[in-house]
Amino acid sequence: MPRAATGIDWCIVSEKVDVVLIGGGIMSATLGVLLKQLQPDWKIEVHERLSDLAQESSNPWNNAGTGHAALCELNYTPEAPDGSVDPGKAITINEQFQQSRQLWASLIERGILDEPSTFINATPHMTFVRGEKDVAFLKRRYEALKDQPLFAGIEYSEDSRVINQWAPLLMQERRKGEPFAATRVPAGTDVDFGSLTRQLFSHLQEQGVEVITDREVRTLRRQKDGSWRVFWRNRLGKTPGHTDARFVFVGAGGWALKLLQKSGIPEIKGYGVFPIGGQFLKTTNPAVVSQHKAKVYSQASVGAPPMSVPHLDTRVVDGEASLLFGPFATFSPKFLKNGRITDIVAQVRPHNLLPMLKVAVDNPSLISYLVGELLKNHRKKVESLRVFMPTAKDEDWELIQAGQRAQVMKKDPKKGGVLQFGTEVVTSADGSIAGLLGASPGASTAASIMLGLLKTCFPERIAGWEPELKKLIPSYGQPLNPRAEAARSSIEATAEALAINP
């Protein structure tokens, strides 16, 4: 269990470590485990402001646990003006997810992670569309992906009988004569990132890492020797203190922007974030849950951000299956679910004001979408579900609040400012501090993101670390998709190690 800060002594506490990880989510957990495997002698400290770990974006009810591999998400295969579909981004994201699978498989072999079913389960990934235009697009997407080694086994059908076998709830009482189509990849997964995060931190504690909850980092100051002084306050007892660290990673979700701004590094200039909350409809009714074992994505509404693509998902949390549908966008000025209402205003600086205003001007459809979502009551939300599942009953579904997503806004040389959907690592010039901004595909690609961070922040050490990294992640430095046999072998090996053979 993480150690809670007691606040017994009111005097200022001072500590020195090699690494401070701010935030108790999957990103900090992944980086911490990698560093401990590479440098067992390093002293690492984790600071989490809440009373438990994995309570924000890594919490299983704050995300859809899709195991983003671009198998079903249409926004990763955008349609060009000429109607063509470029599979490039989908391949990149799948490559990144394969690295996560390889890392998790290696950690199971080393006894660091528990039984695979405690955090990952085989769940087919599907895409379902209606209408002639979307059916034609989905078929072109299928043609663009079917011969890619990482997408081997993808299936396509416009036959109601076939789709009914894949996902019966999609087809029951479906209107006759309506054009529809679906793709299916049996080798998809459902991931409980909360359980995974806690297991990784549990191992770190066994290795002597200090994991301290109820400790809020307030600000950071660079020291003359290039290290960082991390100022914090224990939430229990309000004890102030600071920790000196040679390297700091800010994996604090939406609050990463606030802390990077306080650090004073010039690399954060021009950045802002736009918070978007979410809700899901959830059912645990066994009669409904038993009829659907898949994650089914569709097209986003006009003006909706990619993270709001509607999907009907099987979830397995603590061994119990349920279904989620959503997300439905909400708005809060907080950057975290447990943030502060002043977050959205407190981020404003002279250097990011114009980019943020430009984003507001250039995205009226997003504002309209958010307003429309906020006006939906429970009945309207179940009506949206009936587009997927015509037989959905209001009484079977309850609304649950999901996490906050802080979407990146940044300067753009041509447009002045852009709203960016995805994740981005911001690193100081000397590599002594780095932070992660943004959202999806986030957790699913944590291994790849942290590998990139290691290369950027520790250039003098990365060559010496590579032999161990290749043991942990066999495809490190060598993409799988151009090597069909290597792709097949990796997928089969990790499926066996993770017990996710479909």
Side-chain angles (χ1 to χ4, degrees), residues 1-25 27-29 31-32 35-36 39 41-53 55-56 201 204-205 207-269 335-336 338-340 342-343 346-347 349 425-437 453 457-458:
M1 293 292 292
R3 176 172 70 84
T6 62
I8 295 174
D9 188 355
W10 59 266
C11 68
I12 293 179
V13 179
S14 177
E15 301 173 54
K16 288 187 177 181
V17 299
D18 294 291
V19 176
V20 163
L21 305 175
I22 302 173
M27 294 297 172
S28 290
L31 180 57
L35 287 173
K36 261 302 175 184
Q39 292 289 155
D41 58 322
W42 279 8
K43 186 174 182 181
I44 300 175
E45 206 167 78
V46 181
H47 298 177
E48 165 56 50
R49 65 184 288 268
L50 299 180
S51 59
D52 201 359
L53 303 166
Q55 294 305 298
E56 288 287 347
F201 276 126
L204 287 174
Q205 287 183 287
Q207 299 302 306
V209 172
E210 283 277 331
V211 180
I212 306 164
T213 56
D214 284 309
R215 173 171 286 183
E216 182 177 321
V217 173
R218 310 298 292 271
T219 192
L220 304 101
R221 185 183 304 157
R222 194 193 299 268
Q223 303 296 95
K224 290 182 179 179
D225 64 357
S227 65
W228 288 90
R229 179 155 291 179
V230 181
F231 292 90
W232 44 260
R233 183 182 295 275
N234 294 329
R235 298 178 74 200
L236 304 178
K238 305 300 183 182
T239 313
H242 63 256
T243 302
D244 292 338
R246 293 189 299 110
F247 174 75
V248 176
F249 172 67
V250 187
W255 273 27
L257 174 74
K258 297 172 63 172
L259 293 175
L260 289 173
Q261 285 179 334
K262 290 181 177 181
S263 75
I265 61 171
E267 290 78 9
I268 197 62
K269 288 184 177 180
F335 286 174
L336 294 172
N338 296 282
R340 298 192 176 108
T342 56
D343 286 347
Q347 71 170 320
R349 301 287 189 277
V425 177
V426 178
T427 308
S428 64
D430 65 355
S432 62
I433 186 171
L436 184 75
L437 303 178
L453 183 147
C457 296
F458 302 97

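Side chains are part of it too, since the values below use all heavy atoms of this structure and drop only hydrogens, waters and symmetry mates.
- Side-chain contact between Ile268 and Leu437: present, with at least one pair of heavy atoms (C-beta onward) separated by less than 4.5 Å.
- Within 6.0 Å of the NZ atom in Lys262, the count of heavy atoms belonging to other residues, nucleotides or ligands exceeds 12.
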Full working for side chain to side chain contact (heavy atoms under 4.5 Å, CB included) between Glu210 and Val17: CA-CA 10 Å; Glu210 283 277 331; Val17 299; over 6 Å; no

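- Asp225 is linked by a side-chain hydrogen bond (donor to acceptor under 3.5 Å, both in side chains) to Ser227, counting only residues two or more places apart in sequence or in another chain.
- Each of Leu259, Leu260, Val230 was scored for a side-chain contact (heavy atoms from CB on, under 4.5 Å) with Ile433, with one residue passing: Leu260.
- Residues Lys238 and Arg233 form a side-chain contact, since some pair of their non-hydrogen atoms from C-beta on lies under 4.5 Å apart.
- Looking at Gln39, its side chain never comes within 3.5 Å of a backbone N or O of Asp41 through a donor-acceptor pair.
- For the residue pair Ser28 and Gly23, the shortest heavy atom distance occurs at OG-O, 2.8 Å.
- Arg222 has its side chain within reach of Ser432: a pair of non-hydrogen atoms, C-beta onward, lies under 4.5 Å apart.
- A salt bridge links Asp18 with Arg246: the closest approach of a Lys/Arg side-chain nitrogen to an acidic carboxylate oxygen falls below 4.0 angstrom.
- The backbone N or O of Asn338 lies less than 3.5 Å from a partner atom in the side chain of Glu56, making a donor-acceptor pair.
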Evaluate the side chain to side chain contact (heavy atoms under 4.5 Å, CB included) criterion for residues Leu436 and Phe249: first the C-alpha distance (whole Å), next the side-chain angles of each, then the deciding distance (0.1 Å), finally the verdict. CA-CA 8 Å; Leu436 184 75; Phe249 172 67; 4.2 Å; yes

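- The side-chain heavy atoms of Thr213 and Leu53, taken from C-beta on, include a pair separated by under 4.5 Å.
- One distance of note links CZ of Arg349 with NZ of Lys269; it measures 11.5 Å at 0.5 Å rounding.
- At most 12 heavy atoms of other shown residues, nucleotides or ligands fall within 6.0 angstrom of atom CZ in Arg221.
- Although no hydrogens or angles enter the test, the distance criterion places no donor-acceptor pair under 3.5 Å between the side chain of Arg229 and the main chain of Gln223.
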One pair to check against side chain to side chain contact (heavy atoms under 4.5 Å, CB included): Val20 and Trp232. What are the steps and the verdict? CA-CA 12 Å; Val20 163; Trp232 44 260; over 6 Å; no

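- Although no hydrogens or angles enter the test, the distance criterion places a donor-acceptor pair under 3.5 Å between the side chain of Glu267 and the main chain of Ala429.
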Could you walk me through whether Leu220 and Ile22 pass side chain to side chain contact (heavy atoms under 4.5 Å, CB included), step by step? CA-CA 11 Å; Leu220 304 101; Ile22 302 173; 4.1 Å; yes

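- Here the closest non-hydrogen pair linking Thr427 and Ala434 is OG1-CB, 3.8 Å.
- One finds the CZ atom of Arg49 at 10.0 Å from the CG atom of Asp214 (value rounded to the nearest 0.5 Å).
- Between Glu216 and Arg218 there is a salt bridge, since at least one side-chain N of the basic residue sits less than 4.0 Å from a carboxylate O of the acidic one.
- Using a distance-only test at 3.5 Å, with no hydrogens or angles considered, a donor-acceptor pair links the side chain of Asp343 to the main chain of Phe335.
- When all heavy atoms are compared, the tightest approach of Ser428 to Ile265 is CB-CG2, 4.0 Å.
- Looking at Met27 and Leu21, their side chains never come closer than 4.5 Å, going by heavy atoms from C-beta outward.
- Rounded to the nearest 0.5 angstrom, Ile44 CD1 and Lys36 NZ are separated by 5.5 Å.
- The closest donor-acceptor contact from the side chain of Thr342 to the backbone of Ala346 lies at 3.5 Å or more, if one exists at all.
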